[in-house]
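This is a predicted model, so every value here is computed, not measured. Start at 1 and go down the list; that is how both ligands and their atoms are numbered.
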Amino acid sequence: MNVIDLETRFQEKIDSDIRIEPRDWMPDNYRHTLIRQIGQHAHSEIVGMLPEGNWITRAPSLKRKVALLAKVQDEAGHGLYLYSAAETLGGDRDHMFEELHSGKAKYSSIFNYPTLTWADMGAIGWLVDGAAIQNQIPLCRCSYGPYARAMIRVCKEESFHQRQGFEIMTVLCAGTPIQKAMAQDALNRFWWPSLMMFGPPDAESTHTAQSKKWGIKRFTNDELRQRFVDMIAPQADHLGITIPDPDLKWNEETKQYDFGEIDWTEFWQVVKGHGPCNKDRIAARTKAWEEGAWVREAALAYAEKQQIHSTTKSKAV
Ligand code: 3HC
């Protein structure tokens, strides 16, 4: 079968919602864009551990510490699922890490903002994990099998992440005026960067059209962003805090919230490495990678020893 026929048959599978599995034929670009997106998704998970990890030793109670610890550990697990999913496409884990540490690979812009108060732990759970859920639920129906299946497990854990964040915000907003002001400050700082998580406007998105054709994306960046705003606006009202956007208002005609212009200059600045914490995040990840080399070497040595042992044993039988 020539490449044209293979591509036609591949697109027919996508259009009939037949999952693509690792051993199936796929266009090189389908493979490359998945390694790109899944690799960056995995990087986002492990870099995303850093802003919250900063508050594990500062949590206000044992209960909060336990919940935050569990959340940060979950993110590490999400990263591992996703690196493994990228490896089913031929992605090389060491190479992906090299690209992360060199600044070549992207990760979600949101993690380049500092976490200044405990309320930020609430805002991250409520807004950042809320945005991640908005984006990851459709990915459970992604055309590539291993990615879709990884997302099903990830989404179950994300809903715990969002609920514990919203509960932190609820307690703060019902607390003292200072606690409520802390929650409002966290919303002020995390609102716009959370909207940026969905990517550039559709008109500037390089990958959306092709990713939708290939069933990688089920919705566009702007569609998911709108769903997120429509979900969060009433929740902010319920908390009694104000979304920092004077143009936010319910549109009875479209049955959606209209909202203000996002600062895309700030977005691209952060994506290009010039955000408040980009350098710290990459330095922390590089340090962890270097200090963890002995663990990887020990695990490899142990695996090789086991391999030799089982080969010798099978020969003796
Ligand atoms: N941060 C950094 N880079 C971003 C970005 C963001 N928020 N949004 C877009 N970009 C980059 C894209 O990677 C692409 O650059 P590249 O070609 O060098 O990869 C460029 O900007 C153009 O954007 P596109 O919209 O064309 O790119 P995509 O089609 O890949 O869409 C995306 C971007 C919506 C983030 C998509 O990649 C995606 O859905 N990724 C999977 C989900 C994900 O990564 N979420 C990140 C958060 S994970 C998280 O929050 C964990 C939670 O547990 C806390």
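Distance from atom 19 (O) of ligand 1 to its nearest protein heavy atom, with residue and atom name: Arg36 NH1, 2.9 Å. Annotation: atom 39 (O) of ligand 1 to nearest protein heavy atom, Asn135 ND2, 3.0 Å. For atom 21 (O) of ligand 1, the closest heavy atom belonging to the protein is Trp268 CH2, 3.7 Å. Looking only at heavy atoms of the protein, atom 51 (C) of ligand 1 is closest to Glu45 OE1, 3.3 Å. Closest to atom 8 (N) of ligand 1, if we only count protein heavy atoms, is Gly199 CA, 3.2 Å. If you check which protein heavy atom lies closest to atom 11 (C) of ligand 1, you get Lys106 CD, 3.7 Å. The nearest heavy-atom contact from the protein to atom 2 (C) of ligand 1 is Tyr107 O, 3.2 Å. Of all protein heavy atoms, the one closest to atom 22 (C) of ligand 1 is Thr206 OG1, 3.3 Å.
Under 4.0 Å from ligand 1, the heavy atoms of Ala132 that appear belong solely to its side chain. Under 4.0 Å from ligand 1, the heavy atoms of Asp129 that appear belong solely to its side chain.
Aromatic pair Tyr83/His43: ring centres closer than 6.0 Å.
Side-chain atoms of Trp214 never come within 3.5 Å of backbone atoms of Tyr30 as a donor-acceptor pair (strictly under, hydrogens ignored).
Taking a cutoff of 4.0 Å between a charged side-chain nitrogen and a carboxylate oxygen, Asp15 and Arg9 do not qualify as a salt bridge.
Residue-ligand proximity, Gln40 to ligand 1, at heavy-atom distances under 4.0 Å covers atoms 13 (O), 19 (O).
Trp289 carries Arg296 over the face of its six-membered ring, with the cationic atom under 6.0 Å from the centre and within 45° of the normal.
Between His238 and Cys173 there is no side-chain heavy-atom pair separated by less than 4.5 Å.
A donor-acceptor pair shorter than 3.5 Å can be found between the side chains of Asn54 and Thr115.
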